[in-house]
Structure formats: C-alpha cells, structure tokens
Amino acid sequence: MGSVIVPDFLSVPERPARPRQYGITHVIDTGVTPAGAGDVLQAAGDSVDIWKTGWGTAYIDRGLEQKLALLRDAGVASCLGGTMLEIAWCQGVAEACLDWAAAVGFTHVEVSRGTVPMSQDDKRALIRRAAGRFVVLAEVGTKDPADTPVPAAWRAEALGDLGAGAALVVAEGRQSGTVGIYDDAGSPRAGVVEELVDAVGTDRIVFEAPRAAQQAWFIRRFGPHVNLGNVGLGEVLSVETLRLGLRADTADLHTVVGPVT
C-alpha cells in the first residue's frame, strides 16, 4: 500500500496531539469484538482519547484483554465503566474489582453512584481508593429521568469529587441522551451545564453527548476543544468533523471567504 496523502488545503481548528488535556473524545464500547475495535482504531484512533467499556460488559467480554492490548498499542486510555464498580461496591468486593482492573490493564476507572444506593461520602471514599492506582473519572448526576437536576447540587458534587482525587468529572447524559444534563427530549439543560462549567471549568468536564445535535450544541457553546463523552464507536469521525467545522451543524463557525473563481 502507498503512503496516505493527507489534505492540508482547508483552514480548520488545530487539534492538540494526544495525550490531550482538552478536546477529549471519550467513546463507549458496548461489546464490540477485538476485530471491530481494531477497525475503529485504524480508521479513527487518532481522534479517540478514552475508551470506556460500558455497563458491566468487561466482566463477560472474553475479548477484553485483547482489546486492552490494542488500546495500549494505539496510545488510547482504557476506562472501566462505573456500573460494574458500583455493583462490586454494593457486594462488598470493590477492592477485588480494582485489583482485577489493574491486572488486566485498565488505565482509568469511572466512579459513579447512579445504579445502586450510594452516599456522596461513600463515593468519595471509593474515589480515594481508586485514585492511587488509576486515573479516576467521577460521574455526577442521576440516571433517573424523573429526577429534576438541581444545579447547585451538581456543582457541589463535582467539586467534592475532584477534591477526593478525581481527574475529570463526567456529566451524566447516559447513552440515550435523555437524562441528567438533558431533558426527556434530548435538549441540554443549559443551567446545569453552566453551573458545572462555572465551578470547575470546561477542561475538567466530560459532557456525555451521544447525539449529533448535542455534540454540535456543546461545540458551538464552548468551542471545538470541549470534552465529549459516550460517543458511539461508529461516530468518532463524525464528531471530529463537528469539531473541525466540516459538517453543516458547525460549518458556520468558520469565516467564509467565498468561492474560488
């Protein structure tokens, strides 16, 4: 195969090289095969920063260690999803879960409290336990669509989680994009978003944004280097085009010079 001819004739925002401290794209793996993961990494690996194994799939995915090796070779961070750690904590085996996660090669873990009853104090104790061994992403917000978010409560939880040792805050939106920072129609709750940003800044928040309209909203609001999470594996390049203004939803962020004559 010949070398790839990379185009350079358009003016687009400059993306920082990995490992990125901002402009993070955090993807969710719901059970793709190692071959499928390899295809994603080959096509779009430079655009992926954090690869999360969703829900408890890591517990039953027999291709997990092969995928983690692919991620390690590609320079992509691997994150154990928060649901599995919550269940382990509920059963009194959180330390065993963390031991296993380290042994198989996860670099990051998500600490959340959206699946089982857990106090904020217990969550922060779990963050402290994990932070000595992993980069911790602390999820804030609720998965219950009936709960109305209280911006001040989200602010306090985010600040407390960072103080306990979390590196990043994940703003809850789920894979559906209809809870937490979104209403049941999928529209962003601007008040909650602004409260979080005012508290900790955009660089320390990953906004779960599974839908294209949500991704575009955050990019228009905070710029191309906003951190976006729960991106589907098939949507990585699509998100990158939104960041670079190569899609109608964000193309107007460029200064249009005019057609070539």
Side-chain angles (χ1 to χ4, degrees), residues 13 15-16 20-28 49-50 52 79 82 110-114 120 123-124 127 135-231 235 238-245 247-254:
R15 294 280 280 134
R20 281 181 277 265
Q21 302 303 309
Y22 53 87
I24 291 168
T25 296
H26 160 293
V27 302
I28 182 168
D49 299 279
I50 301 173
K52 180 177 79 171
C79 183
E110 181 181 81
V111 178
S112 58
R113 62 186 191 105
Q120 289 193 22
K123 179 189 178 188
R124 287 166 192 160
I127 290 171
V135 176
V136 175
L137 283 68
E139 186 178 77
V140 299
T142 177
K143 290 178 167 60
D144 186 349
D147 285 352
T148 301
V150 178
W154 283 53
R155 178 191 187 99
E157 185 165 0
L159 289 170
D161 289 350
L162 291 174
L168 292 168
V169 168
V170 177
E172 176 69 79
R174 299 203 75 180
Q175 192 188 19
S176 65
T178 56
V179 299
I181 53 174
Y182 306 105
D183 62 22
D184 57 8
S187 297
R189 302 181 193 268
V192 177
V193 170
E194 296 294 350
E195 190 77 21
L196 284 174
V197 170
D198 181 67
V200 304
T202 55
D203 287 359
R204 302 198 73 181
I205 307 171
V206 176
F207 296 103
E208 291 189 339
R211 301 185 184 186
Q214 295 165 349
Q215 296 155 5
W217 186 90
F218 279 104
I219 289 167
R220 296 181 69 86
R221 188 90 166 201
F222 300 113
H225 303 311
V226 66
N227 302 324
L228 298 175
N230 267 12
V231 173
E235 303 299 318
S238 173
V239 168
E240 198 69 12
T241 61
L242 286 171
R243 292 188 187 279
L244 299 179
R247 189 168 169 177
D249 307 70
T250 55
D252 63 327
L253 298 179
H254 291 302

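For reference, positions follow the sequence shown, starting with 1.
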Are Asn230 and His26 close enough that some pair of their side-chain heavy atoms sits under 4.5 Å apart? yes
For Asp249 versus Ala216, what's the shortest heavy-atom pair and its separation? CB-CB, 3.9 Å
Heavy-atom side-chain proximity of Arg20 to Arg15 below 4.5 angstrom: yes
Given side chain to side chain contact (heavy atoms under 4.5 Å, CB included), test Leu228 with Val226 step by step and report yes or no. CA-CA 6 Å; Leu228 298 175; Val226 66; 4.0 Å; yes
Ignoring hydrogens, what is the shortest heavy-atom contact between Ala199 and Leu159? Give both atom names and the distance. O-CD2, 3.7 Å
Within the structure provided, determine whether Val27 and Glu235 are in side-chain contact (heavy-atom separation under 4.5 Å). no
Should Arg204 and Val169 count as side-chain neighbours, where that means a heavy-atom distance under 4.5 Å? no
What's the shortest heavy-atom distance between Glu208 and Tyr182, and which atoms? O-OH, 2.5 Å
Check whether more than 12 heavy atoms from other residues, nucleotides or ligands sit under 6.0 Å from atom CD of Glu194, and answer yes or no. yes
What heavy-atom pair brings Ile127 and Ala166 nearest, and what distance separates the two atoms? CG2-N, 3.6 Å
Drop me the distance from Leu196's CG to Arg155's CZ, to the nearest 0.5 angstrom. 9.0 Å
In the structure I gave you, are the side-chain heavy atoms of Arg221 and Val193 within less than 4.5 Å of one another anywhere? no
Taking the side chain as every heavy atom from C-beta outward, state whether Asp252 and Arg220 have any atom pair closer than 4.5 Å. yes
More than 12 heavy atoms of other groups within 6.0 Å of Tyr22 OH: no
Check the angle between the aromatic planes of Phe207 and Phe218 and answer parallel, tilted or perpendicular using the 30° and 60° thresholds. parallel
Pair Glu195-Arg189, salt bridge (charged side-chain N to carboxylate O under 4.0 Å, His left out): steps then yes or no: CA-CA 10 Å; Glu195 190 77 21; Arg189 302 181 193 268; over 6 Å; no
In the structure I gave you, are the side-chain heavy atoms of Ile50 and Leu137 within less than 4.5 Å of one another anywhere? yes
After noting the C-alpha distance and the side-chain angles of Leu168 and Ile24, does the key distance pass the side chain to side chain contact (heavy atoms under 4.5 Å, CB included) rule? CA-CA 11 Å; Leu168 292 168; Ile24 291 168; 4.1 Å; yes
Verify side chain to side chain contact (heavy atoms under 4.5 Å, CB included) between Asp161 and Gln120, making sure each step is shown before the conclusion. CA-CA 9 Å; Asp161 289 350; Gln120 289 193 22; 6.0 Å; no
Rounded distance (nearest 0.5 Å) linking atom CG of Leu253 with atom CG of Leu244: 11.0 Å
Using the side chain to side chain contact (heavy atoms under 4.5 Å, CB included) rule, take Asn227 and Thr202 through it: C-alpha gap first, then chi angles, then the decisive distance, then the call. CA-CA 7 Å; Asn227 302 324; Thr202 55; over 6 Å; no
Can you measure from CG (Leu242) to CD1 (Ile219) and round to the nearest 0.5 angstrom? 4.5 Å
Which pair of heavy atoms, one from Cys79 and one from Glu110, lies closest together, and at what distance? SG-N, 3.7 Å
4.5 Å side-chain heavy-atom contact, Pro13 and Arg243: no
Applying the side chain to side chain contact (heavy atoms under 4.5 Å, CB included) test to Arg113, which of Glu139, Lys123, Arg124 qualifies? Lys123
Where do Ile205 and Ala171 come nearest, in terms of heavy atoms and distance? CG2-CB, 4.3 Å
